[in-house]
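A short write-up of the structure that comes next.
Note that the structure is predicted; figures quoted are calculated from it, not measured. Every number for a ligand or one of its atoms is a count from 1 in the order of the listing.
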Amino acid sequence: MRKLLPLIGTPSGSHPGGRSAMTCRFRCGDACFHEVPNTSSNEYVGDVIAGALSRRSMMRAAAVVTVAAAGAGAVGVAGAPSAQAAPVAGKGQGHGSAPKGARGLRFTPVAPNTEDAVVVPEGYRQDVVIRWGEPILRGAPAFDPEKQTAKAQAGQFGYNNDFLALLPLHGERGRQLLVANHEYTDEVLMFRGYDPENPTREQVEIAWAAHGLSAVVVEEDRRSGRLTPVPRHHLNRRVTATTEFRLTGPAAGSDLVKTSADRTGTKVLGTLNNCSGGTTPWGTTLHGEENFNQYFANSSRATDKRYGVGTGATERKWERFDKRFDVAQEPNEVHRFGYVVELDPYDPTSTPRKHTLLGRFKHEAATVRLTQDGRPVVYTGDDERFDYFYKFVGSKRMKRGSSRSVREHNLSLLDEGTLYVAKLTGDSPATDIDGSGKLPADGEFDGSGRWIPLVTATADGAVSHVEGMTAEEVCVFTRLAGDKVGATKMDRPEDIEPSPHTGKVYVALTNNSNRGKSGYAGPDEANPRSSNKHGHVLELTERFNRPESTTFAWSLFLVAGDPEDPSTYFAGFPKDAVSPISCPDNVAFDDHGNLWLSTDGNALGNHDGLFGVATKGDRRGELKQFLTVPNGAETCGPVIQDRRVLVAVQHPGEIDGASVEKPASTWPDGPGKIVRPAVVAVWRADGRDIGV
Ligand code: FEO
Ligand code: CA
Ligand code: CA
Ligand code: CA
């Protein structure tokens, strides 16, 4: 049984949440220190939805329909069974009496801690799968941080791994295809003697090559359970800040995205700040371009201000080395970032795409569910305080098969359909929501909601549903479209994931230090805590459980924090039997229907971690910590297979004042070795399934 920890303050002084100043500086361009970009006045209104169903009638409706659509979404990709892990020869570390819990969560929870290590439950083993700098392409040299070059980095695994996908590889026994995002670079932890005022061209070009995506085949050692990269495999690929992308959807080819280097407005170089993502049922991966604003300098436009693009120089000074990062010189380049990008990892020669129909904002993730007739529905959140979450409903049906023409068809699925933004209404009187987190009189933070259409694209063109904005403008200035239609201001919508078992959709809302402060939106039933330090998780039920519905019911599934804090809520589960959790960020499901949550910025003073929680049955709400990550790191990209858990350990050692010379972590290779972001696999020592 876990030990309850005293509530302690933020470890990093004035920095919001538990993040160090270095994280704020390099990851999001100090977003929390700048003004909140959403200054629109679309306040929460009590009960404005004419004709919306009451939550209870929706729940009744949802209960009687099948979840066939959710099941159809699996198609053996997102929920692919793991490659087999053979039992460890000769021994199995005993568990003693088997820990209790929902099936899939029967492990002894890891206690909150500040170890400079990945800590896993008793009876589990772990190993690094791949680190920043490991060569994956033919000709790439072994990693040498003292002699790093842009050319070497372009053939090596990138920096700061975030989203992960593990895809099946048919015909190659024991192998899977790992796809990873590389969100951003920490120059002070990458380069000895880094001078932030005077980065060199070589350092900047290394950073360009360390951003982007990696695809790398991994192979299982059947005896030990380890996963190791297969260098030089023909599917291995690096996508960087200079790889060619195709812009698709209504904004492609419009004047808003034409630049001096691309008069067609269809060809973009690179992807930036890819945070979380998703795996599609048609065998591709989606990657959210998140804090793209921080790479662009010298803007004075109001539209850029709504995205947090700054008026001066950038932290990394890229604008000195390529004028496209200088808005004053190349005004439209910044309009070509902030999209959901799609990669076909099975075709290393394919040109990845940026889908403008899914809107432009700080995309955290993009996750797919299929309608009963096979059309894609994509959920995606905008990770900023007081910003919105969105849904895309496609109009074209997915085709099955793997021929080139089928794959080409499926790669166009996100270019026709409608983009919506969420509007939530609570069902309790506003006076019941006092900002303390106290449950309202009806015992639940809950209500109904509506998906408000923003833009629809067909083969014949696109129409805007937002007064005063063209379809192209909605796709490029999507935040402004959300403002105009009165979308609900949320506490930083991070990852979103529909349950493959029930179809219910889970939205991680990581925190919002400014909620309820003077000049900002106050608490509402969907974001009920003022100065929300620890975040919450919203559960959304589409009407009739149809993903294409335009109305839904919602309730708060978790209100995070130390369970001793009366403002927390764990779906009604007894609070003396759950782990403390703070700042939920990435979410994933296991095959048992349990939700797994990784955290970013534990504001309880302990390290970030990965947690599992039951979403149904009599253990619904029982939350258990599965692992913790080293000093300064965030836990990202969880993939939960039957016999293996994969996490991305992002920005280890990212603590104020740290540098290559003065590391704040010795992970993963011990003292004297450079700190390296890396992917870690965890499996059971006895080779059996996780948590059973
Ligand atoms: Fe890159 Fe919203 O975390
Ligand atoms: Ca209520
Ligand atoms: Ca994140
Ligand atoms: Ca995330």
On the six-membered ring of [Y], is [X] placed so that its NZ or CZ lies under 6.0 angstrom from the centre and within 45° of the ring axis?
X      : Y      : answer
Arg676 : Phe157 : no
Lys354 : Phe245 : yes
Lys489 : Tyr520 : no

Check [X] and report its N/O/S atom nearest to atom 2 (Fe) of ligand 1, by atom name.
X      : result
Glu290 : OE2
Asp383 : OD2
Glu364 : OE1
Glu494 : OE1

In terms of side-chain geometry, is the basic nitrogen of [X] or [Y] positioned less than 4.0 Å from the acidic oxygen of its partner?
X      : Y      : result
Asp382 : Arg479 : yes
Arg620 : Glu539 : yes
Arg515 : Asp491 : yes

Pair Asn606-Thr114, side-chain donor/acceptor within less than 3.5 Å: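 No - no donor-acceptor pair under 3.5 Å links their side chains.
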
Arg492-Thr510 side chain donor-acceptor pair, cut-off 3.5 Å: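 No.
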
Stepwise salt bridge (charged side-chain N to carboxylate O under 4.0 Å, His left out) check, Glu315 with Arg27: CA-CA 10 Å; Glu315 172 67 38; Arg27 197 259 296 290; over 6 Å; no

The Ca ion (ligand 2) - number of protein N/O/S atoms closer than 3.0 Å: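 Excluding waters, the total comes to 7.
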
Whether Asp585 has an N, O or S atom under 3.0 Å from the Ca ion (ligand 3):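 A backbone or side-chain N, O or S atom of Asp585 is under 3.0 Å from the Ca ion (ligand 3).
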
Of the N, O or S atoms in Glu364, the one nearest the Ca ion (ligand 3):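 It is OE2 of Glu364.
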
